[in-house]
**Q** 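This is the structure I have questions about; it appears just below.
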Amino acid sequence: MDGQTLTEALHAHGINLRYLGTVAEGTRNLPHLWDLCSNEILVRCAKHILKDLLRDAEDYDLANTISHFYNCLFGNMQTVSNKGGANSSRNQKKDHIGNQQKSSKGQGKRKNVGSAKKKQSSYLSITSDSLWSDIQEFAKLKYQFELPEDAKVLVKKIPVVRNLCQKVGVTVAARKYDLDSAAPFQASDIMNLQPVVKHSIPVSPEAKDLVETGKAQLAEGLLSEAYTLFSEAFTILQQVTGPMHREVANCCRYLAMVLYHAGDMAGAIMQQHKELIINERCLGLDHPDTAHSYGNMALFYHGLNQTELALRHMSRALLLLGLSSGPDHPDVAATFINVAMMYQDIGKMDTALRYLQEALKKNERLLGEEHIQTAVCYHALAIAFNCMGAFKLSHQHEKKTYDILAKQLGEEDSRTRDSQNWMKTFKMRELQMNAQKQKGQSLNVASAQKAYDILKAHPSLLHAFQAAAGGTGIGGMNQSLSSSALGDGLPRGRGVDERAARAAAEVRKKAAARGLLVRPSGVPASTLPPLTQLLNVINSGTTPDAANPSGTNEEKKEANSNSSNGSGDTQADLSKAGEQDQTPVGLGTGLGALDTKKQKSKVKAAS
């Protein structure tokens with residue numbers, strides 16, 4: 001994840017850091033490891049140059065020296081206060097490299113130290129160009145590694161600042177720095193300079209063997225035996241190293257994993273909390289192991305259905321991972337997948353998909369399109385699309401998962417067979433959904449065809465509809481109904497009261513909800529018995545005559561007259577609706593005037 005963990009990994013395999021350039025050359029096909037190795041070489045070269053400057057600086061001038069060096073490294077300092085300063089700095093680096101190659105510590109000291117004024121000008125003579133030139137030359141001589149020409153542009157500034165401060169012992173103020181500016185650091189930002197002491201870490205071989213055996217038992221699913229082994233290792237390590245040690249934290253992490261798989265979430269959280277505290281105090285707040293502790297704690301809280309608390313821990317883990325390794329790292333992509341699963345469980349599918357797609361992009365760019373982690377991303381996307389009902393997309397993504405696993409692990413591997421079973425499941429669900437859609441479409445077509453046949457067989461119903469719609473036909477009647485329901489009956493021209501128009505549209509919606517036919521002019525009309533009759537006929541599957549066998553021609557004529565002139569019951573319902581509902585703003589006494597006009601037209605019709 002960072003320079004410290006890279007150093008530990010190389011030392012664990014017996015590789016000295018002088019071969020870091022050779023290791024870096026072998027990681028060109030993995031972008032995140034290439035960046036990590038090149039940044040580590042850059043930091044180590046800058047560390048040697050900065051230490052040379054600090055040896056020649058006075059105590060009162062240390063903050064100015066460090067801030068100027070950081071500005072030259074990350075900013076763009078071009079001011080040269082002393083001619084020939086760049087050459088003297090380069091000669092100092094060559095002398096330092098030559099002294100390192102001779103295994104004599106005494107020859108590395110500077111002789112004939114000048115005055116304080118001369119010492120002060122030694123760091124002021126450095127510019128950004130001269131510093132980066134010295135770093136590239138130092139990397140070539142010390143590590144046999146050529147930094148790219150655009151290394152200053154490609155460098156991950158925040159991880160490099162963090163790594164350099166840890167290696168030199170510099171403490172900077174906690175504030176937001178504009179690392180893209182010409183001079184991002186000031187002398188007041190340098191808070192402290194403390195010594196970095198190398199020391200040996202005590203090791204317990206018995207405890208280490210117990211932990212390795214417990215890990216093997218855990219991988220096989222033997223939880224009880226693994227718990228016993230980890231507990232015994234935990235007891236031994238507490239006696240040898242004390243409670244505050246990183247190996248004790250590792251035992252706590254494995255104990256938490258065993259309890260998590262056993263279903264004891266409360267015990268798992270307790271052990272994980274111990275590991276988190278030890279890592280923060282022994283390794284630091286921003287160490288990668290501390291970030292992973294927050295991630296594991298989030299998973300355990302999610303197991304207890306405390307998703308909001310789990311997401312807060314995941315946010316903390318992502319912040320720490322960004323500080324130590326930057327945003328482009330496979331562990332960041334794996335954390336994105338875990339965050340997506342949490343959002344998926346609480347129903348926020350859009351957010352989950354964004355995290356999964358970002359994780360897929362990172363894995364394809366960093367690990368390759370045929371890596372197992374890329375297959376994990378495809379499978380997670382397939383599950384997410386399955387939850388959304390997009391079974392076709394689920395099958396497509398799971399097919400990519402199966403292809404990668406079959407190529408990397410073989411078709412007989414259990415994970416490959418599981419992916420094949422998921423593919424079959426998604427395909428079956430897709431076929432079921434398509435069958436249901438086709439069934440629904442066939443039912444709609446059958447209903448429409450049935451209604452058309454009934455209207456064709458009984459032209460009197462068609463004439464009744466045309467009369468009720470004012471002679472506009474069924475299409476015009478449907479258009480008037482839709483326009484009135486949407487509130488489009490009144491024109492929206494200049495001079496029209498928008499407030500009154502919206503209120504009128506609201507009245508038309510209420511009238512339509514009560515079964516009243518609403519004309520575009522805003523005047524409610526009576527319901528249409530033939531329309532109700534037709535719906536009943538369609539639902540029952542009978543003919544209009546069979547639906548009303550006792551009806552005579554006189555009753556049909558009376559029904560038609562009621563549909564054209566409006567019935568008294570409909571008018572009474574409208575007046576009651578006007579009394580119950582408050583008059584909308586902008587209408588005034590429009591409903592009362594409407595009722596008066598209806599009553600006058602009714603009296604005229606009776607006369």
Side-chain angles (χ1 to χ4, degrees), residues 2-3 31-32 34-36 38-54 56-58 60-83 85-86 89-90 93 120-139 147-194 284-286 318-329 332:
D2 62 348
H32 64 286
W34 163 261
D35 290 340
L36 180 59
S38 60
N39 287 335
E40 180 66 14
I41 292 174
L42 188 151
V43 168
R44 288 179 174 270
C45 296
K47 177 192 73 171
H48 289 293
I49 298 173
L50 179 57
K51 284 186 175 180
D52 286 344
L53 293 175
L54 293 178
D56 293 338
E58 292 292 337
Y60 62 84
D61 213 21
L62 291 177
N64 293 321
T65 303
I66 296 172
S67 62
H68 181 79
F69 181 85
Y70 278 19
N71 289 332
C72 292
L73 184 62
F74 302 105
N76 188 16
M77 300 293 291
Q78 300 297 338
T79 303
V80 179
S81 59
N82 187 13
K83 295 182 180 180
S89 175
R90 188 174 293 106
K93 303 302 154 310
Q120 185 179 3
S121 63
S122 63
Y123 77 87
L124 291 175
S125 61
I126 299 177
T127 64
S128 295
D129 294 338
S130 64
L131 177 59
W132 278 95
S133 177
D134 291 343
I135 290 174
Q136 289 178 344
E137 185 178 354
F138 196 103
L147 287 171
E149 295 295 332
D150 54 350
K152 184 178 180 181
V153 180
L154 300 177
V155 66
K156 296 180 179 179
K157 295 185 177 181
I158 293 179
V160 167
V161 169
R162 172 182 175 273
N163 196 1
L164 183 59
C165 289
Q166 289 178 342
K167 282 182 167 52
V168 182
V170 177
T171 303
V172 297
R175 69 177 182 88
K176 188 174 179 63
Y177 293 93
D178 184 12
L179 296 178
D180 295 328
S181 62
F185 292 91
Q186 300 177 1
S188 59
D189 294 328
I190 310 302
M191 307 299 294
N192 193 13
L193 179 64
Q194 55 193 8
L285 297 174
D286 56 349
L318 286 173
L319 173 65
L320 297 181
L321 291 176
L323 288 176
S324 59
S325 64
D328 293 331
H329 196 277
V332 178

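Please read all numbers here as calculations on a predicted model, not as lab measurements.
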**Q** So do Phe69 and Ile49 actually touch side chain to side chain, heavy atoms under 4.5 Å?
**A** yes
**Q** Surrounding CD1 of Ile158 (heavy atoms of other residues, nucleotides or ligands, distance under 6.0 Å), is the total greater than 12?
**A**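 It does not: Ile158 CD1 has 12 such atoms or fewer within range.
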**Q** Quick one: are Ser128 and Lys152 in side-chain contact, heavy atoms under 4.5 Å?
**A** yes
**Q** Should Glu40 and Lys167 be marked as a side-chain contact (heavy atoms from CB on, under 4.5 Å) after you check the CA-CA gap, both sets of side-chain angles, and the distance that decides it?
**A** CA-CA 11 Å; Glu40 180 66 14; Lys167 282 182 167 52; 3.1 Å; yes
**Q** Between Leu147 and Phe138, does the side-chain contact (heavy atoms from CB on, under 4.5 Å) criterion hold? Intermediate values first, please.
**A** CA-CA 10 Å; Leu147 287 171; Phe138 196 103; over 6 Å; no
**Q** Using side-chain heavy atoms (C-beta onward) and a distance below 4.5 Å, is Asp328 in contact with His32?
**A** no
**Q** When rounded to the nearest 0.5 angstrom, what distance separates CE in Met77 from OG in Ser67?
**A** 8.5 Å
**Q** Just so I know, are the side chains of Val168 and Leu54 near enough to count as touching, which here means a heavy-atom distance under 4.5 Å?
**A**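 The answer is yes; the side chains approach within 4.5 Å.
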**Q** Between atom CG of Asn71 and atom CG of Leu131, what is the distance when rounded to the nearest 0.5 Å?
**A** 11.0 Å
**Q** Would you check if Ile135 and Leu73 make a side-chain contact, meaning some heavy-atom pair closer than 4.5 Å?
**A**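 Yes, close enough: below the 4.5 Å cut-off.
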**Q** If we ignore hydrogens and angles and just use 3.5 Å, is the side chain of Ser133 paired with the main-chain N or O of Asp129 as donor and acceptor?
**A** no
**Q** Any donor and acceptor pair, going by atom type alone, linking the side chain of Lys156 with main-chain N or O of Gly326 inside 3.5 Å?
**A** no
**Q** Phe185: which residues meet the ring pair (Phe, Tyr, Trp, His ring centres under 6.0 Å) condition with it, sequence neighbours left out?
**A** Tyr70, Tyr177
**Q** Roughly how far, to the nearest 0.5 Å, is OH of Tyr60 from OG1 of Thr65?
**A** 9.5 Å
**Q** Would you compute the distance between atom CG of Asp35 and atom CG of Leu154 and round it to the nearest 0.5 angstrom?
**A** 7.5 Å
**Q** Among pairs that include at least one residue of residues 185-194, which meet side-chain hydrogen bond (donor to acceptor under 3.5 Å, both in side chains), considering only residues two or more places apart or in two chains?
**A**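 Listed once each, the pairs are Arg175-Asp189.
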**Q** May I ask you to test the Leu179-Pro184 pair for a side-chain heavy-atom distance under 4.5 Å?
**A**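 They are in contact (side-chain heavy atoms under 4.5 Å apart), so the answer is yes.
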**Q** Treating Ser130 as the side-chain partner and Ile126 as the backbone partner, does any N or O pair qualify as donor plus acceptor under 3.5 Å?
**A**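 Checked: no pair found.
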**Q** Give a yes or no answer on whether the side chain of Arg162 reaches the backbone of Asp286 with a donor-acceptor pair at less than 3.5 Å.
**A**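 Between the backbone of Asp286 and the side chain of Arg162 there is a qualifying donor-acceptor contact (under 3.5 Å).
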**Q** Could you tell me the separation between the CG atom of Asp180 and the CG atom of Asn76, rounded to the nearest 0.5 Å?
**A** 11.5 Å
**Q** Calculate, to the nearest 0.5 Å, the distance between atoms OG1 and CD belonging to Thr171 and Gln166 respectively.
**A**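 It is 10.5 Å, given to the nearest 0.5 Å.
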**Q** What are the two closest non-hydrogen atoms of Ser325 and Pro159, and how far apart are they?
**A**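 Looking at all heavy atoms of both residues, the shortest contact is C-CG, 4.1 Å.
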**Q** Asn39 vs Asn163, test: side-chain contact (heavy atoms from CB on, under 4.5 Å). Steps then yes/no.
**A** CA-CA 9 Å; Asn39 287 335; Asn163 196 1; over 6 Å; no
